[in-house]
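So the structure is just underneath, and the comments pick up after that.
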Protein chains: 2
Amino acid sequence: MTNHSLPSNDLQDGSVHLLPAVSIDNVIFGFHQNALTVLLLQAKSNQKWMLPGGFVGKEEDLDTAAIRILNARTGLTDVFLQQFHVFGSAKRNRKEHLRGVLQTLGIELTPESWFMQRFITIGYYALVNYEQVIPQADVTSLTCAWQDVSQLPPMLFDHEAIIDKALQALRLQLNYQPIGYTLLPKEFPLKSLQTIYETILGRKLDRSNFSRKILSYGILEKKEKHYSGAAHKAPFLYSFKEETYFKALQNGLKKEF
Amino acid sequence: MTNHSLPSNDLQDGSVHLLPAVSIDNVIFGFHQNALTVLLLQAKSNQKWMLPGGFVGKEEDLDTAAIRILNARTGLTDVFLQQFHVFGSAKRNRKEHLRGVLQTLGIELTPESWFMQRFITIGYYALVNYEQVIPQADVTSLTCAWQDVSQLPPMLFDHEAIIDKALQALRLQLNYQPIGYTLLPKEFPLKSLQTIYETILGRKLDRSNFSRKILSYGILEKKEKHYSGAAHKAPFLYSFKEETYFKALQNGLKKEF
DNA sequence: TGTATATTGTGTCGAAATGACTCAATAGGA
DNA sequence: TCCTATTGAGTCATTTCGACACAATATACA
C-alpha cells in the first residue's frame, strides 16, 4: 500500500481497528481520447506516482475494503472490481516513502509501529467510465489524475509492476469474458472497443476480423451513425445489450476444450 | 490457515517472527488410479479434513513460504506452485477449530493472541507426482492422505470452497498452458492425460478430438506400447518433451484474439 | 480353440472459425 | 473538384472443431 482513505491519526493507532500487514492497491482503468488510462496519485513527498491504495478494517471483507478505497478516489459505487494478484515479496521497499509520508503529515512513528512493518498488498483492478469519475486526491498526495497506460510517469516502488500484472490479468480475461461495458459511454463506435482490446493485448488487430468476432458474441446492438467531424466516412455507433452482456460475463464467451 | 509446519510454541510467540493476519493454504493435486486427488490433513480435534497450510515468516517471501509449507507435507522441493486467490471474508470462522487445536496441543492462549485474530489466507495450488510424495502429518492432525477430488470428505470451514476455486483456476489455465508434466509419471497413456482434463473441466471429452488437439501442441513424444493386462487393445505410451513443454508454459499454447 | 467385449489407432466429413485480403462508399480537407 | 482517411461489406483459402465410423487387438470366457 501507499495511500489511505482514512484520517491521518489512523497511522498512529491503526493497529486498533485495521488488519495488520495487509494493504490493497487498486488499478483503476479508464478510457479517454482513444487511450487506456490509469488513475494515479502523485505523492507530496517525492512527486512520484502511486496507485490508490488503503487498508482493511479488522472486521471488513477484503472486497468491501477494495470498493471503499475505490470510492474514496472516484466517487463511484457500482463498479466491476476484481482481485488479481497478491504482491508478497519481502523486499517491497516502502521504508523510504513512508518517511516522506510521515514528514508530510507531521507525524512521528516508532519503527515498531504497525504502519512501519512489512506489508503485503492485494491488487484489484477496476474498469470504470472515465466521464463519471471525479478524481479526489488525499492528504498525502498533490493530485489525483489519469495517466496513459503506455506512457506511465515515474512510479513508487513496485507499482509499475502491479499495473503490468493487472494488464496481464486483463489479457487473459479477454478470452472468456466480455469487456467494455463499464469503460465506454452508452454509445460508442466499434473502433473504440477495438482500441481497448489492442491496448490490453499490446498488438494491432485486423479491423474487419475484430468486428466480425465481437459482433458474433451477440452482446452489441447497432445504433445510428455518428458524424465525428473527421474527414472520412462516419461509423455506426453501438451499445451493449445489458442482458446478454451480463449473461456472457457469468457464463463465459466460449468453451475452450 | 489451519495448520502449521512450525514448532507448537510458535503459536505462543509467533507474533515475534511471523507475519500477522496472513496464512497460506496449499491445494496439492495428484493423479492416482485414474482420478484427480488432493492432499489433505485430518484434524485431531474433530476429525474434519483440511488443506495443508501455514504461516509466513516476517522476512519471508510469500512464494517461499508456500514452498516451505508444501515441502513439509510432501517432501518435495521442485514443484509447480501457483498463487490463485486470496480468501478474505471477515467471517471465515476459525474460532471453534482453533479451540480444538489448542486443546490438542495443551496450549492456552488469550483471545488477544495473534493466533486467535482474524486471518486472510492466500490459496496456492500445486500439481505434483503422486508417486513421489511421502505424506507427512503434523502435530495437530491424525493423518495426511490423498482424497478424491470428486468425493471430498467433510472439510473444515471454507476449505471445500478453496478447492473449488483452485479447480476453477486450473480450468482457465488449461486454455493457455500445458498441464500434466508434474502430475504424471515419465511415460503414460493419453487416456490418463484425458482423464485429468476431464476432471478439471468437469465433463467428458471426445477421445479422438482430444488426442488430435493435445498432439497438435507438439509437447508429446510417442513411446512404445503398453500392455496393461486389460482385455483390449494396448495403448501407446507418451512422454512430455521437456523443451517444448516449458516453452509452452512460458509463451502460452495459442493466441486468442 | 473360437467368440465376445472393451478400448485403441486412424480417418472422414461437414460446419464453424480464422487470417489476410479487396473494394466501393463517403465525410470532410485542400 | 479532387484527395485522403476510414468505414461497411464481402471474398476466399486455410485451419480448427465436433461428431461419428470402422477396423485392429488384448484379454476373458465359453
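Predicted model, so just to flag it, every value in this text is computed and none were measured. Order of the sequence lines sets the chain letters (A, B, ...), proteins ahead of strands, with each chain counted from 1.
Pairs passing the salt bridge (charged side-chain N to carboxylate O under 4.0 Å, His left out) check and including a residue from residues 156-174 of chain B, sequence neighbours excluded, read Arg92(B)-Asp158(B).
Taking the six-membered ring for Trp and the full ring otherwise, the centers of Tyr197(B) and Phe210(B) sit less than 6.0 Å from each other. In summary, the aromatic rings of Phe240(B) and Phe188(B) are positioned with their centroids under 6.0 Å apart.
Whole-Å rounding puts the Glu224(A) CD to dG8(D) C1' distance at 16 Å. Computed from coordinates, the Tyr217(B) OH to dT16(D) P distance equals 11 Å when rounded to whole Å. One interatomic measurement links the two molecules: CG of Leu193(A) to C1' of dT7(D), which rounds to 16 Å at whole-angstrom precision. Rounded to whole angstrom, the span from the CG atom of Leu205(A) across to the P atom of dT7(D) amounts to 14 Å. Spacing between atom CG of Leu215(A) and atom P of dA17(C) amounts to 13 Å, rounded to whole angstrom units. As rounded to whole Å, 16 Å separates atom P of dA9(D) from atom CZ of Phe210(A). Computed from coordinates, the His226(A) NE2 to dT6(D) P distance equals 14 Å when rounded to whole Å. Summarising the geometry, the separation between CG on Asn34(A) and C1' on dT6(D) is reported as 13 Å, rounded to the nearest angstrom.
Between the side chains of Tyr181(B) and Glu242(B), at least one donor N or O lies within less than 3.5 Å of an accepting N or O. Defined by atom type and a distance below 3.5 Å, a donor-acceptor pair is missing between the side-chain atoms of Tyr176(A) and Asn175(B).
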Subject >> B/S/- contact track for nucleotides 5-12 of chain C, protein heavy atom under 4.0 Å >> reply: BBBBBBBB

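Figure legend: Lys222(B) and Phe236(B) shown as a cation-pi pair, the cationic atom lying under 6.0 angstrom from the six-membered ring centre and within 45 degrees of its axis.
For the pair Leu156(B) and Asn46(B), the minimum side-chain heavy-atom distance is below 4.5 Å.
Counting heavy-atom neighbours within 6.0 Å of Glu224(A) CD, excluding the residue itself, gives a total above 12.
Salt bridge Lys204(A)/Glu198(A): present, at least one basic N to carboxylate O contact under 4.0 Å.
When the C1' atoms of four end pairs are superposed on the next four at each end of the helix from dT1(C)-dA30(D) to dA30(C)-dT1(D), using five pairs per end, the two resulting axes differ in direction by 10°, to 10°.
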